[in-house]
Student: 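First, the structure itself, so that you have it in front of you.
Computation of the quantities below employed the complete heavy-atom set of this structure, encompassing side-chain atoms and omitting hydrogens, waters and symmetry-equivalent molecules.
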Amino acid sequence: MAVPSSIADLDAVAANNSPAGSDAIGTALDDYLRAHASIIKQVSQFTQSGSGAVSSTVETKLRESVSIKDFGAVGNGVADDGPALQLALNYCKLNTKKLHATAGTYLINTAVTISAFAGVHIEGDGINNTLFNKTTAGDMLTLDGCSRGVISGIAFSGAGMSSGNGLVISGAGVGVMNIKDNQFASFPGSGLYLNGTVGNPFSGMTVSNNVILSCGITSGVAGFRASYCNDFRIIGNQFGTVSIGGSYPIIGSQLDFCQAGNYSENFHWENLVGAQFTSCVYSRFIGNRFETNQREGVKFIDTSFCTFVGNTIHTNSQGATNTYDGMSMANCGQWAITGNNWFEWSGGATLMRYCLTPDASCNTLMISDNLLFGYGTAPANIASAYEIRLLGNAPLQFGLDQASNNWFTFNSKVVAAGVTTFCGASGASFTEADVTQVAPKSCVATKLRVNLGVAPGAGQTCTVTLRKGGVDTAMAIVLSGAAAYTAEVNGSIPFSDADSFSLKVVNGAGAASTYVSATLVVDN
């Protein structure tokens, strides 16, 4: 009988005992060895229960899942498991596998970077069981150019670090990532940083049900940062501090140049500023809580075409009562602010200066059915009544009269250099007839305000003209130069209920490509 050299050889050994004891090694011993070979063969195979299941080897079955410990991680909080995590991710990328970080405390003092991994998936056993800790300077984990992935069930900690972020996502081709059910705590920089750029914007990013605490304090950055993320979903997260009464994150959550997203059911508490959004156009802010922050609950800057509905803003300005506002807005336009609730629950010890403060550059705001209480100075400080519509708020209209004017809004797509296009309520077109609209009743156009996404540039111009019945009117704005983003002009252009109107946009031959948003104010 030949000596078996592999598991596959056991098939022949187990099958050829005919007749029993036929090999010249002794009948009893021969039968014993062949039976033993049959048992080894059985335990080396795996067959799933159920009809139609196909057998495979145990080795093949075990290799279907990958653990960080397969590559030498210890998980005792003492040994540096950074190199093991790097090896495990390299293997998973090469073989398109999910990495399982089993329960344990993994010291990741060697920074880890994985690049261009489509389908990256790191899964822990929950934030109470799987901890990634770092005590040396530098970012802990960087996903560069990765997409269609999931990071979940891990507690990331930067306690003891002198500088650096927790999880950083950057690079080209990033999209459709889901960062969920994690905790990020005590990083000098941001706990979670979605670092898109104007040249490499992200798309389809989801950040859900994470807890981000006491991050960004020593570096003066937000605990959570996202830039240039389009079509985002940020839902059900908490942004605050580990220990109330200690140091506060400068901003709990900060989004810059993130467009067309959904920001909902997030909780911002015990930060200096709860949340700040800059140039986050075409987005929805629904059902969030901005509360018990040291300064403002939430700030919006250069953010237009948004909806702010069903949010709770209370007991902010804790650092100095009657000093900071619940919600401030700077240069924001085309907003619906509806069904929100401002109040305080400190028994009068902490009052917001104003619940709502749109500055003088804000325009075209529909503010309706809100409750504004818990203030020290007044419910709202509306610097200008320019295109501000107030309806059904309490206290009644914040002490302001209902505005008597109406407005129409216009938007263009990208307008390239040397191009003439026309804008109407339905969008933009090179053919004016496609977008013209008819005045619903007799009225007078009194003001035109224009905002450009990109300034024309030095020595260049972009001209926007109100047209009536297909003819230019005297109401026109010429924006010129590298810093010209917004302008307005007053006038008196009468319309009957049969007159059509539109805007004509002429971008100069050498001007930068831009997009146009405009508001036309009319009196009844």
Side-chain angles (χ1 to χ4, degrees), residues 113 115-116 120 138-149 151 156 158 163-180 182 184 187-208 210 212 215-217 219-235 237 239 249-264 266 268 271-285 288 296 298-306 329-332 414 453-455 485 514-515:
T113 298
S115 300
V120 58
D139 298 339
M140 175 187 284
L141 174 60
T142 300
L143 306 181
D144 181 65
C146 298
S147 63
R148 300 192 299 278
I151 310 296
F156 297 84
S163 64
N165 304 293
L167 173 60
V168 179
I169 300 178
S170 60
V174 175
V176 198
M177 294 284 291
N178 191 352
I179 314 302
K180 63 177 184 176
N182 302 287
F184 303 88
F187 284 94
S190 299
L192 175 59
Y193 184 15
L194 308 185
N195 186 20
T197 64
V198 64
N200 291 306
F202 298 170
S203 179
M205 304 295 284
T206 297
V207 178
S208 62
N210 299 282
I212 302 178
C215 294
I217 294 174
S219 298
V221 297
F224 166 66
R225 282 186 288 168
S227 57
Y228 292 97
C229 293
N230 300 330
D231 306 306
F232 61 84
R233 296 174 65 249
I234 300 175
I235 301 174
N237 303 282
F239 309 99
I250 183 171
I251 301 173
S253 172
Q254 178 177 333
L255 274 65
D256 299 315
F257 303 98
C258 296
Q259 302 185 14
N262 186 28
Y263 191 96
S264 61
N266 300 289
H268 315 74
N271 305 280
L272 290 183
V273 175
Q276 179 174 297
F277 305 91
T278 302
S279 297
C280 295
V281 300
Y282 305 109
S283 296
R284 294 155 298 282
F285 303 90
N288 300 285
E296 293 88 354
V298 57
K299 300 173 69 174
F300 292 97
I301 302 167
D302 298 330
T303 295
S304 298
F305 303 103
C306 291
M329 305 176 71
N331 195 34
C332 298
V414 175
V454 180
Y485 291 95
T514 190
Y515 58 88

Student: Between the main-chain N or O of F156 and the side-chain N or O of N182, is there a donor-acceptor pair closer than 3.5 Å?
Tutor: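 It does not hold such a pair.
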Student: Take V298 and F277, measure what side chain to side chain contact (heavy atoms under 4.5 Å, CB included) needs, and give me the verdict at the end.
Tutor: CA-CA 8 Å; V298 57; F277 305 91; 3.7 Å; yes
Student: In this structure, which one of V221, V273, I217, L272 forms a side-chain contact (heavy atoms from CB on, under 4.5 Å) with P249?
Tutor: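 Between P249 and the candidates, side-chain contact (heavy atoms from CB on, under 4.5 Å) is satisfied uniquely by I217.
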Student: With side chains defined as the heavy atoms from C-beta onward, is the minimum distance between S170 and T142 less than 4.5 Å?
Tutor: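 S170 vs T142: side chains touch.
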Student: Any sub-3.5 Å donor-acceptor pair from S190's side-chain atoms to G216's backbone N or O?
Tutor: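 Side chain of S190 to backbone of G216: no pair is present.
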Student: Nearest 0.5 Å, please: how far is CZ in F184 from SG in C215?
Tutor: 8.5 Å
Student: Donor-acceptor pair, distance only, cut-off 3.5 Å: does the side chain of T303 make one with the backbone of C280?
Tutor: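 Flag set: sc T303 to bb C280 pair under 3.5 Å.
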Student: Is N237 close to I212 at the side-chain level, that is, under 4.5 Å between some pair of heavy atoms?
Tutor: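 The answer is no, as the side chains (C-beta and beyond) never meet within the 4.5 Å cut-off.
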Student: Has the side chain of N210 got a donor or acceptor atom that lies under 3.5 Å from a matching backbone atom of I179?
Tutor: yes
Student: Look only at the side chain of N288 and the backbone of N266, and say whether a donor-acceptor pair between them is shorter than 3.5 Å.
Tutor: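 Yes, the answer is positive, given that a donor and an acceptor are paired below the 3.5 Å cut-off.
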Student: Give, for atom OG1 of T278 and atom CG of N331, the distance between the pair rounded to the nearest 0.5 Å.
Tutor: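 Reported value, rounded in 0.5 Å steps: 11.0 Å.
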Student: Mind listing the closest non-hydrogen atom pair of G252 and F239 along with its distance?
Tutor: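 In this case the closest contact between G252 and F239 is O-CD2, 3.7 Å.
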Student: State, to 0.1 Å, how close P188 and G164 come at their nearest heavy-atom pair, and which atoms those are.
Tutor: CD-O, 3.6 Å
Student: Considering only distance and modelled atom types, tabulate donor-acceptor pairs under 3.5 Å from the side chains of residues 195-202, sequence neighbours left out.
Tutor:
from : atom 1 : to   : atom 2 : distance (Å)
N195 : OD1    : Y193 : OH     : 3.1
T197 : OG1    : N200 : N      : 3.0

Student: Return the CD to NZ distance between Q276 and K299, rounded to the nearest 0.5 Å.
Tutor: 5.0 Å
Student: Would you compute the distance between atom CG of N165 and atom CZ of F224 and round it to the nearest 0.5 angstrom?
Tutor: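 So the gap between those two atoms works out to 12.5 Å.
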Student: Nearest 0.5 angstrom please: I235 CD1 to K180 NZ, how far?
Tutor: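 So the gap between those two atoms works out to 12.5 Å.
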Student: Would S283 and C306 count as a side chain to side chain contact (heavy atoms under 4.5 Å, CB included) if you check the C-alpha gap in whole Å, the side-chain angles of each, and the deciding distance to 0.1 Å?
Tutor: CA-CA 5 Å; S283 296; C306 291; 4.2 Å; yes
Student: Decide yes or no for S279 and D302: does some side-chain heavy atom of the first lie under 4.5 Å from some side-chain heavy atom of the second?
Tutor: yes
Student: I'd like to check L143 versus M177 (side-chain heavy atoms, cut-off strictly below 4.5 Å). Are they in contact?
Tutor: yes
Student: Work out which heavy atom in S115 is nearest to a heavy atom in T113; give both atom names and the distance.
Tutor: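 Taking S115 first and T113 second, the nearest heavy atoms are OG-CG2, 4.0 Å.
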Student: Within the structure provided, determine whether V207 and L194 are in side-chain contact (heavy-atom separation under 4.5 Å).
Tutor: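 The answer is yes, as the side chains (C-beta and beyond) meet within the 4.5 Å cut-off.
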Student: Any side-chain heavy atom of N178 sitting closer than 4.5 Å to one from S208?
Tutor: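 The answer is yes, as the side chains (C-beta and beyond) meet within the 4.5 Å cut-off.
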Student: Taking the side chain as everything from C-beta on, heavy atoms only, tell me whether F187 gets closer than 4.5 Å to L192.
Tutor: no
Student: Can you tell me how far the SG atom of C229 sits from the CZ atom of R225, to the nearest 0.5 Å?
Tutor: 12.0 Å
Student: Which is it for Y263 and H268 under the ring-ring contact (aromatic ring centres under 6.0 Å, His included) test, yes or no, and what are the steps along the way?
Tutor: CA-CA 12 Å; Y263 191 96; H268 315 74; 5.7 Å; yes
Student: Is it the case that atom CZ in R284 sees more than 12 heavy atoms from other parts of the structure closer than 6.0 Å?
Tutor: yes
Student: Is there a side-chain contact between M205 and V174, using heavy atoms and a 4.5 Å cut-off?
Tutor: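 Side-chain contact under 4.5 Å: yes.
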